[in-house]
Amino acid sequence: MRRRMKHKSRTIGLSLGGLALTIAVIANLEGTLQFMRRITPVFFIRIPLGVVLLVVVLLVAALFVVYRSQRNFPDSERISVSNEGQFFERTLQLFFGAQERVIVSGLAKDWVFHLVVAVYIARQKQIRFDIICADGHHERYRLLELLGCRVHRVEAVNVEGVLADPAEIRHARALLRCPRPSENIAGRYYHSSPDWFAINSSFQSALTSMVIAPNTEGEEFAPRLQAVPHETLIDALKRVRFYRDARVTIEEVSLNDTFPSSRFIARYKLVQVAKLVEVFEQERWPLFRPCGIALANAKTSLVIPPVLEEHDGKLYIAEGHTRLYFLRTRLQHSKVVAAVVRGVTQPLPLKPTHWRNVTEVDLKDEHRNAELARYIESSTHQGVWSA
């Protein structure tokens, strides 16, 4: 840190010195020209004032460019994240921007469900994932293994954060947790050669935690997205406790006929949805037809489409708020393929609202009724990740 500050101070000092010299030359232009004519015959030639001013302007611009290029690290807004939502958003940038390798170290299992689509997209590009975890007994880590990730189950971790291409000085990125609530800081972001020492130090610490993963049969496996029959999706949704006696259909519905039950959209989820839309477009599939990720154990992890429940003749969103919001606000779509559930007698866990009341936030902060929660993802994926 001291070396950075010393280097930055020297760069600023040189830039200010050059600027001061330039101002001095402009302020005493006539005297400067006379001096230059005396010391060298070249300047006996008359130099038009406009040419001199142009050279001075170019010199100032060059000094500014040099200063910008020599900045040793980004400003505080870029290097700090203040909450979990911003941390996830930065993590997505590391996943999608990685060239060869990603290391996730010490993050609690909750991140897996939030970012699993991003892991899948990165694994499609053959990005190597090393997951270092102290709570590796959870089945979510089994899902990561079946996506081709190496899971290192350890007793303790030395680094808490995410590293992308840490051995490549030009492409290296890191997002490390360093919670300081009093300063509204949850983590720090480091990038490429300016922050190489911090990134490499974290990388070496992470390496000391790694052990050979106990289950690496999917390490060379590249997951793929495949279409699934409507019946497969409907049978899976029937495992949701409130849908067992309901009627489930797959339909194309108008977005204007849908009503959200959440008032907030997490920004990091919008980043992930944008990439998911790209995958659908590459497959030339309508958004969001039933499909799933083919895993290394020959099973399919369903990508559940938006789920709508009909109550009093209106369609309320039970799952997929972010996707529908993205279609409305970013793509201006009017139609979407969704699962429609009719005959549910229990109300939704959140009070329904209107699209005009929905806002984008870093992190959701709303409390649903746990007794009415649908638990759609966990219910529809039962048994999929077991061996």
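Proximity of a side-chain donor or acceptor of Trp196 to a complementary backbone N or O of Arg170 within less than 3.5 Å is not detected. For the pair Glu89 (side chain) and Gly85 (backbone), a donor-acceptor distance under 3.5 Å is absent. Under the 3.5 Å distance criterion, the side-chain polar atoms of Asn357 are left unmatched by any main-chain donor or acceptor of Arg263. Using a distance-only test at 3.5 Å, with no hydrogens or angles considered, no donor-acceptor pair links the side chain of Arg142 to the main chain of Leu146. Formation of a donor-acceptor pair under 3.5 Å by the His191 side chain with backbone atoms of Ala174 is not found in this model. Side-chain atoms of Asn297 come within 3.5 Å of backbone atoms of Val384 as a donor-acceptor pair (strictly under, hydrogens ignored). Side chain of Arg180 to main chain of Ile185: no donor-acceptor pair is present (N/O by atom type, distance under 3.5 Å, no hydrogens or angles).
Both Leu207 and Val157 belong to a single network of hydrophobic side chains, linked directly or stepwise wherever heavy atoms of I, L, V, M, F, W or Y lie under 4.5 Å apart. Grouping the Ile, Leu, Val, Met, Phe, Trp and Tyr side chains by contacts below 4.5 angstrom, directly or via other members, places Leu233 apart from Leu225. Both Leu175 and Val112 are assigned to one and the same hydrophobic cluster, defined by single-linkage of ILVMFWY side chains at heavy-atom distances under 4.5 Å.
Side chains of Thr359 and Ile265 form no contact here, defined as non-hydrogen atoms less than 4.5 Å apart. Within the 4.5 Å cutoff, side-chain heavy atoms of Trp111 are placed close to those of Ile131. Between Phe87 and Leu107 the shortest side-chain heavy-atom distance falls below 4.5 Å. Using a 4.5 Å cut-off on side-chain heavy atoms (C-beta onward), Arg244 and Val240 make no contact. No side-chain heavy atom of Leu163 sits under 4.5 Å from any side-chain heavy atom of Val102. Contact of the Leu308 side chain with the Leu324 side chain is registered, since non-hydrogen atoms from C-beta on lie closer than 4.5 Å. Taking 4.5 Å as the limit, some side-chain heavy atom of Val119 sits within range of a side-chain heavy atom of Cys149. A 4.5 Å side-chain heavy-atom check between Pro229 and Thr232 finds at least one atom pair inside the cut-off.
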| message | Apply side chain to side chain contact (heavy atoms under 4.5 Å, CB included) to residues Tyr243 and Glu309 and explain how you reach the verdict. | response | CA-CA 10 Å; Tyr243 296 169; Glu309 293 184 16; 2.5 Å; yes

| Stepwise side chain to side chain contact (heavy atoms under 4.5 Å, CB included) test for Arg173 and Ser192 | CA-CA 6 Å; Arg173 302 286 189 275; Ser192 62; 3.5 Å; yes

| request: Verify side chain to side chain contact (heavy atoms under 4.5 Å, CB included) between Val154 and Cys133, making sure each step is shown before the conclusion. | output: CA-CA 6 Å; Val154 299; Cys133 57; over 6 Å; no

| message | Pair Ser105, Glu160 - check side chain to side chain donor-acceptor pair (under 3.5 Å), show working. | response | CA-CA 5 Å; Ser105 177; Glu160 189 173 356; over 6 Å; no

| request: Could you please spell out the steps behind the salt bridge (charged side-chain N to carboxylate O under 4.0 Å, His left out) verdict for Arg140 and Glu145? | output: CA-CA 9 Å; Arg140 296 183 188 183; Glu145 287 179 325; over 6 Å; no

| query | What do the steps show when you test Val104 against Asp130 for side chain to side chain contact (heavy atoms under 4.5 Å, CB included), and what is the final call? | reply | CA-CA 6 Å; Val104 180; Asp130 286 284; over 6 Å; no

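Judged purely by distance below 3.5 Å, without hydrogens or angles, the side chains of Trp355 and Thr258 pair a donor atom with an acceptor atom. Side-chain contact of Arg188 with Ser80: a donor-acceptor pair under 3.5 Å is present, judged by distance alone. Looking only at atom types and distance, the side chain of Gln124 has a donor-acceptor partner in the side chain of Tyr120 under 3.5 Å away. Residues Arg330 and Tyr325 bring no donor and acceptor atom of their side chains to less than 3.5 Å of each other. No side-chain donor from either of Tyr189 and Asp195 sits under 3.5 Å from a side-chain acceptor of the other.
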Would you be so kind as to tabulate the donor-acceptor pairs closer than 3.5 Å made by side chains of residues 272-296, with sequence neighbours excluded?
from   : atom 1 : to     : atom 2 : distance (Å)
Gln272 : OE1    : Ala118 : N      : 2.9
Gln272 : NE2    : His114 : O      : 2.8

Exercise answer: donor-acceptor pairs, residues 333-350 side-chain atoms, under 3.5 Å, sequence neighbours excluded:
from   : atom 1 : to     : atom 2 : distance (Å)
Arg342 : NE     : Glu310 : OE2    : 3.3
Arg342 : NH1    : Thr249 : OG1    : 3.4
Arg342 : NH1    : Glu251 : OE2    : 2.8
Arg342 : NH2    : Glu251 : OE2    : 3.4

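Within 6.0 Å of CD on Gln332 lie more than 12 heavy atoms contributed by other residues, nucleotides or ligands. Crowding of Arg101 atom CZ: a count of heavy atoms from other residues, nucleotides or ligands under 6.0 Å exceeding 12. Within a 6.0 Å radius of CG in Asp245, other residues, nucleotides and ligands contribute 12 heavy atoms or fewer.
Geometrically, Lys364 does not engage Phe264 in a cation-pi contact defined by less than 6.0 Å to the ring centre and at most 45° from the axis.
Looking at every heavy atom in both residues, Val159 comes nearest to Ser205 through CG2-CB, 3.4 Å. The nearest pair of heavy atoms linking Leu176 to Ser202 is CD1-OG, 3.1 Å. Of all the heavy atoms in His152 and Arg150, the pair that sits closest is CD2-O, 3.7 Å. Counting all heavy atoms, side chain and backbone alike, Ser82 lies closest to Gln86 at N-OE1, 2.8 Å. Pro305 and Arg323 get closest at one heavy-atom pair: CA-NH1, 3.5 Å.
Rounding to the nearest 0.5 angstrom, the gap separating the OG atom in Ser193 from the CD1 atom in Ile169 is 5.5 Å. From Ile304, atom CD1 reaches atom CG of Leu237 across 5.5 Å, with rounding to the nearest 0.5 Å. Atom OG1 of Thr208 sits about 11.0 Å away from atom CZ of Phe203, to the nearest 0.5 Å. Within the model, atoms NE2 of His381 and CZ of Arg239 stand 9.0 Å from one another, a figure rounded to the nearest 0.5 Å. The CG atom of Leu143 sits 11.0 Å away from the NE2 atom of His138 when rounded to the nearest 0.5 Å. Expressed to the nearest 0.5 Å, how far CG of Asp110 lies from CG of Leu115 amounts to 11.0 Å.
With Asp362 as the partner, the salt bridge (Lys or Arg N to Asp or Glu O under 4.0 Å) test is satisfied by one option alone out of Arg267, Arg90, Lys269: Arg267. Evaluated for a side-chain hydrogen bond (donor to acceptor under 3.5 Å, both in side chains) with Ser262, the options His321, Arg368, Glu366 yield exactly one hit, Glu366.
Aromatic rings from Phe95 and Phe129 are positioned such that their centres are separated by under 6.0 Å.
The hydrophobic cluster around Tyr375 extends to none of the other residues, as no ILVMFWY side-chain heavy atom falls under 4.5 Å of it.
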